[in-house]
2 protein chains.
Amino acid sequence: MNDDIDTRYLETLLGYNTRRASLTIISRFMERMAVFELRPVDFSVLSLIGHNPGITSRQLCSVLNILPPNLVGFLKAFEKRQLIERKPHPTDGRAVGLFLTESGSALMREAEATAEVSDLSTATNLTATERKTLTRLLQKIYLPN
Amino acid sequence: MNDDIDTRYLETLLGYNTRRASLTIISRFMERMAVFELRPVDFSVLSLIGHNPGITSRQLCSVLNILPPNLVGFLKAFEKRQLIERKPHPTDGRAVGLFLTESGSALMREAEATAEVSDLSTATNLTATERKTLTRLLQKIYLPN
DNA sequence: TATTGTTATACTCTATAACTATA
DNA sequence: TATAGTTATAGAGTATAACAATA
């Protein structure tokens with residue numbers, strides 16, 4: 001039906017290609033994470049908490065480019081699901097340290113294993129070497145050097 | 001401030017890397033397109049119309065993954081800015097063919113040149129070969145084969 | 001005076017239901 | 001009966017202003 005539409009110009013642009021690939025990867029990721037009731041942003045937040053016990057809201061926001069008011073609701077929901085707990089920060093009375101609970105850790109062990117399966121199944125057309133190359137080139141764009 | 005946050009796990013995931021790169025590229029793109037008053041989606045739509053004179057709304061929606069109700073406003077705005085014009089479809093009385101006006105074409109010539117500058121300046125850390133490799137690998141993910 | 005976390009709220013983007021005109 | 005284009009509207013995501021508590 002749209003086979004006669006010429007998309008060759010857009011396909012030369014980095015932004016178009018990256019966004020299209022991003023949408024494909026994320027939609028597959030969402031399907032697989034649905035069983036855990038985790039959206040991509042939930043996964044990122046919980047994974048960072050798991051790998052950085054005691055991390056603060058402010059740090060999460062800064063790393064993930066989330067605005068503080070928008071994180072509040074996420075954390076509230078995680079607490080209600082008993083996936084995280086908050087403990088007073090040892091030195092800063094304003095801040096609160098975030099930790100995964102036992103069940104939060106268990107969930108994230110499964111979710112992270114699933115994320116790797118999702119990656120592999122989304123990039124079936126890529127060899128292991130190509131996946132590593134792709135990762136390296138993407139990081140050259142968004143990581144400072 | 002966040003130098004002590006460990007993001008190594010997330011940086012192994014394809015979705016995370018692609019999304020982060022996508023956000024970087026798109027934010028640079030937006031800065032450069034601001035002078036033309038074009039958002040990324042405006043650029044994509046107008047570029048497709050330019051390269052496919054007579055394309056219909058339905059085809060645009062299908063190619064760009066836009067839902068028909070959301071395209072209506074864009075086209076209305078383009079028409080008001082006299083960037084596009086609509087002509088009756090030659091064979092299908094329901095459909096409307098879309099075309100760039102003279103000033104629409106002129107704007108897009110500048111905008112497309114700017115898009116290429118944006119690409120090059122965003123990927124300064126990549127060689128020409130690396131850019132081609134990156135494009136090829138991204139297309140292996142989102143294009144059917 | 002600046003920062004952490006929060007509330008309330010506005011704005012933008014995306015999605016759904018239903019309609020009309022034509023095929 | 002199905003499709004192109006449209007309207008109205010709902011929902012999700014993102015952004016801004018302002019506040020209390022602590023530094």
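Proteins get letters first, then strands, A, B, ... in listed order; numbering begins at 1 in each. Just so it is clear, the values below take in all heavy atoms, side chains as well, and ignore hydrogens, waters and symmetry mates.
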d([atom1], [X]; [atom2], [N]) in whole Å:
| X | N | atom1 | atom2 | result |
| --- | --- | --- | --- | --- |
| B:M30 | C:dT12 | CE | C1' | 11 Å |
| B:F74 | D:dT6 | CZ | C1' | 15 Å |
| B:L23 | D:dG13 | CG | P | 15 Å |
| A:L75 | C:dT4 | CG | P | 15 Å |

Within residues 64-73 of chain B, which residues have any heavy atom lying less than 4.0 Å from an atom of DNA chain D? B:P68, B:P69, B:V72
Residues of residues 36-57 of chain B with any non-hydrogen atom less than 4.0 angstrom from an atom of DNA chain D: list those, numerically ordered, please. B:T56, B:S57
Counting only heavy atoms from other residues, nucleotides and ligands, does the tally under 6.0 Å from CD of B:Q82 exceed 12? no
Say whether, by atom type as modelled, one donor and one acceptor occur between the side chain of A:S118 and the main chain of A:T114 under 3.5 angstrom. no
B:Q59 (side chain) donor-acceptor with B:T56 (main chain) under 3.5 angstrom: yes
Show, in sequence, the C-alpha distance, side-chain angles and deciding distance for A:T18 and B:R19, and conclude whether the side-chain hydrogen bond (donor to acceptor under 3.5 Å, both in side chains) test is met. CA-CA 8 Å; A:T18 311; B:R19 172 136 175 84; over 6 Å; no
Phosphate OP1/OP2 of D:dT6: any B:R58 side-chain N/O under 4.0 Å: no
Please determine whether a side-chain nitrogen or oxygen atom of B:K76 lies at a distance below 4.0 Å from atom OP1 or OP2 of D:dT7. yes
Tell me every residue that passes side-chain hydrogen bond (donor to acceptor under 3.5 Å, both in side chains) with B:S103, counting only those two or more places apart in sequence or in another chain. B:T101
Holding to side-chain hydrogen bond (donor to acceptor under 3.5 Å, both in side chains), I want the full list of residues that pass it with B:Q139, two or more places apart in sequence or in another chain. A:N17
Does a side-chain heavy-atom distance below 4.5 Å link A:L98 with A:N52? no
Contact check, side chains of A:L75 and A:I84, non-hydrogen atoms, under 4.5 Å: yes
Using the rule given for salt bridge (charged side-chain N to carboxylate O under 4.0 Å, His left out), can you reason through B:E130 versus A:R136, listing the C-alpha separation, both sets of side-chain angles and the distance that settles it, and then say yes or no? CA-CA 10 Å; B:E130 285 177 325; A:R136 183 175 60 82; 3.4 Å; yes
Qualifying residues under salt bridge (charged side-chain N to carboxylate O under 4.0 Å, His left out), relative to A:D119, sequence neighbours excluded: none
Test ring pair (Phe, Tyr, Trp, His ring centres under 6.0 Å) on A:F36 and A:F43; report intermediate values, then the result. CA-CA 10 Å; A:F36 304 114; A:F43 177 91; 9.0 Å; no
Could you identify which residues of residues 88-101 of chain A place a heavy atom less than 4.0 Å from some atom of DNA chain C, listed by residue number, or say none? A:R94, A:A95, A:V96
